[in-house]
Amino acid sequence: MKFAKVVPESLTAGTFAEVYDDIDSMLRGKVVQNENAEKQRITHAIIETAVFERVKFTKSKLAKLELTDVIFKNCDFSNCDLTNATLYRVEFYDCKLVGG
């Protein structure tokens, strides 16, 4: 098992919505905390070197999501569709991953 290569102290605060603001649907080098990202629909988002804490992704459709060096802590992925997602060095701590 390979662990995420993330240095939380080097990340800046951000929001999941930033993935929509980038032309390439990319989020990099961010810490996202206490956010409600329920019922989101996004195809082929790329998230690299990030930490998500207490974020709700419930009932979201995140098709072809690409995650590299990402840590999720206390996040809720209940009934989240991660069809064709790619995860490389991703860690989940106390997350809810049911349904789908």
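Every residue two or more places apart in sequence or in another chain was checked for a side chain to side chain donor-acceptor pair (under 3.5 Å) with Asn74, and none qualifies. Residues satisfying the side chain to side chain donor-acceptor pair (under 3.5 Å) criterion with Asn34, sequence neighbours excluded, are Arg54. Listed by chain and residue number, nothing satisfies the salt bridge (charged side-chain N to carboxylate O under 4.0 Å, His left out) test with Lys59 (two or more places apart in sequence, or in another chain). Partners of Asp69 by salt bridge (charged side-chain N to carboxylate O under 4.0 Å, His left out), not counting sequence neighbours, listed by chain and number: Arg89. Every residue two or more places apart in sequence or in another chain that forms a side chain to side chain donor-acceptor pair (under 3.5 Å) with Lys61 is listed here: Asp81. Evaluation of the side chain to side chain donor-acceptor pair (under 3.5 Å) rule for Tyr88 yields no partner, not counting sequence neighbours. Among residues two or more places apart in sequence or in another chain, the ring-ring contact (aromatic ring centres under 6.0 Å, His included) test is passed with Phe92 by Phe72, Phe77. When the side-chain contact (heavy atoms from CB on, under 4.5 Å) test is applied to Ala17, the partners found at least two apart in sequence or on another chain are Thr15. With sequence neighbours excluded, the residues satisfying salt bridge (charged side-chain N to carboxylate O under 4.0 Å, His left out) with Glu18 are Lys30. Partners of Phe16 according to the ring-ring contact (aromatic ring centres under 6.0 Å, His included) rule, which considers only residues two or more places apart in sequence or in another chain, are Phe57.
With hydrophobic clusters built from ILVMFWY side chains whose heavy atoms lie under 4.5 angstrom apart, Leu67 shares a cluster with Ile42. Under the 4.5 Å side-chain heavy-atom criterion for Ile, Leu, Val, Met, Phe, Trp and Tyr, Tyr20 and Met26 are members of distinct hydrophobic clusters.
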For a side-chain contact (heavy atoms from CB on, under 4.5 Å) check, start with the C-alpha distance between Phe3 and Val90, then their side-chain angles and the critical distance, and finish with the verdict. CA-CA 7 Å; Phe3 293 97; Val90 176; over 6 Å; no
With side-chain contact (heavy atoms from CB on, under 4.5 Å) as the test, would you mind laying out the steps for Cys95 and Asp76 before giving the verdict? CA-CA 6 Å; Cys95 293; Asp76 188 352; over 6 Å; no
Would Leu65 and Leu82 satisfy side-chain contact (heavy atoms from CB on, under 4.5 Å), going step by step from the backbone distance to the final call? CA-CA 7 Å; Leu65 178 67; Leu82 297 171; 4.1 Å; yes
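Counting only residues at least two apart or in different chains, side chain to side chain donor-acceptor pair (under 3.5 Å) contacts with residues 42-51 comprise Arg28-Glu48, His44-Glu66.
Checked by atom type and distance alone, the side chain of Gln40 pairs as donor or acceptor with a backbone atom of Glu38 at under 3.5 Å. Proximity of a side-chain donor or acceptor of Ser60 to a complementary backbone N or O of Ala37 within less than 3.5 Å is detected.
Atom SG in Cys80 sits 13.0 Å away from atom NZ in Lys56 (nearest 0.5 Å).
Hydrophobic side-chain contacts under 4.5 Å tie Val6 into a cluster, directly or through other members, with Leu11, Val31, Val51, Ile71, Tyr93.
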